[in-house]
S.K.: 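Sharing a structure, written as structure tokens. Questions coming.
Throughout, numbering of the chain's residues begins at 1 and tracks the sequence. Note that the coordinates shown come from a computational prediction; the quantities given were computed from them, not determined experimentally. Ligands are counted one by one from 1 in listed order, and the atoms in each one are counted from 1 as well.
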Amino acid sequence: MRLLLLNGPNLNLLGEREPEHYGRETWANIEARLKTRAAALGIELECRQHSSEGGMIDILHAARHEVDGVILNAGAYTHYGYALRDAIAAIPPPVIEVHLSLPEAREEFRHVSVIAPVCAGRIAGFGALSYELALEAFARLRGPEEAHTR
Ligand code: DQA
């Protein structure tokens, strides 16, 4: 199984950015742990980051026939990125929406996710563990036996 993990704007600053919301762990650290976990699950994981919506869309388009699923933290585009929403709807692989924080517990503008309706699922509020849980979800759902116990 091949997965793409795509982070949007400002997530490259994890570790130093608003630690009260996003923790003190750097992305490099989180990525290293995810790669180890992915390898243990027999998953090939590619991690990318782009700060612009167009750049994120280009990455999704390029991956659309290459991966079996996408773990996506769209950052603030989650709340108003209609072009990103359309890109998710346009591509075959299922996308799991991920957030470190719980957007519903924060400012009102974060309460809406315009991408949620076109995602396969959503994991939010568990800090860096949210990414790992998404990985786990893809691993558990991949087999036909697992899929039909849903
Ligand atoms: C975020 C939540 C968004 O509201 C915010 O704009 C981010 C990070 C999260 O992971 O909690 O950049 O997606």
S.K.: N/O of L11 under 3.5 Å from N/O of ligand 1, yes or no?
M.R.: no
S.K.: Counting neighbours of CD on E108 that are heavy atoms of other residues, nucleotides or ligands and sit closer than 6.0 Å, is the number greater than 12?
M.R.: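 For E108, atom CD is not crowded (no more than 12 foreign heavy atoms under 6.0 Å).
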S.K.: With a cutoff of 4.0 Å, is H79 in contact with ligand 1, counting heavy atoms of the residue only?
M.R.: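 Checking ligand 1 against H79, which is what was asked, there is a heavy-atom contact under 4.0 Å.
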S.K.: Determine whether any heavy atom of H111 lies closer than 4.0 Å to an atom of ligand 1.
M.R.: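 Per 4.0 Å heavy-atom rule, H111 does not contact ligand 1.
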S.K.: Mind checking whether T78 has a heavy atom under 4.0 Å from ligand 1?
M.R.: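 No, that is not the case, since the closest heavy atom of the residue is not under 4.0 Å from the ligand.
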S.K.: For T78 and E97, which I'm curious about, is there any donor-acceptor pair between the side chains at under 3.5 Å?
M.R.: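 There is no such pair between these side chains.
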S.K.: Does a side-chain heavy-atom distance below 4.5 Å link N7 with N73?
M.R.: yes
S.K.: Could you check, using the six-membered ring where one of them is a Trp, whether Y131 and W27 have ring centers closer than 6.0 angstrom?
M.R.: yes
S.K.: Look at ligand 1 and say whether Y22 reaches it with a heavy atom at a distance under 4.0 Å.
M.R.: yes
S.K.: Where the side chain of R64 meets the backbone of H61, is there a donor-acceptor pair that is under 3.5 Å apart?
M.R.: yes
S.K.: With a 4.0 Å cut-off, would you call R24 and E16 a salt bridge?
M.R.: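 A salt bridge is absent here (no side-chain N lies under 4.0 Å from a carboxylate O).
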S.K.: If we set the cut-off at 4.0 Å for heavy atoms, which region of N73 has an atom near ligand 1: side chain, backbone, both, or neither?
M.R.: side chain
S.K.: Does any non-hydrogen side-chain atom of I96 lie less than 4.5 Å from one of F138?
M.R.: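 SC-SC contact between F138 and I96 confirmed.
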S.K.: Among all protein heavy atoms, pick out the one at the shortest distance from atom 5 (C) of ligand 1; state its residue, atom name and that distance to 0.1 Å.
M.R.: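 For atom 5 (C) of ligand 1, the nearest protein heavy atom is R110 NH1, 3.2 Å.
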S.K.: Please tell me whether S113 and R122 have a donor and an acceptor in their side chains that are separated by less than 3.5 angstrom.
M.R.: no
S.K.: Any idea which protein heavy atom is nearest atom 12 (O) of ligand 1, and the distance to it?
M.R.: R17 NH2, 3.0 Å
S.K.: Can you tell me which residue and heavy atom of the protein come closest to atom 1 (C) of ligand 1, and the distance to 0.1 Å?
M.R.: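 For atom 1 (C) of ligand 1, the nearest protein heavy atom comes out as H99 ND1, 3.6 Å.
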S.K.: Could you identify the single nearest non-hydrogen protein atom to atom 9 (C) of ligand 1 and state the distance to 0.1 Å?
M.R.: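 Scanning the protein heavy atoms, the shortest distance from atom 9 (C) of ligand 1 goes to L100 N, 3.4 Å.
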S.K.: Show the atoms of ligand 1 that are less than 4.0 angstrom away from any heavy atom in S101.
M.R.: 2 (C), 9 (C), 11 (O)
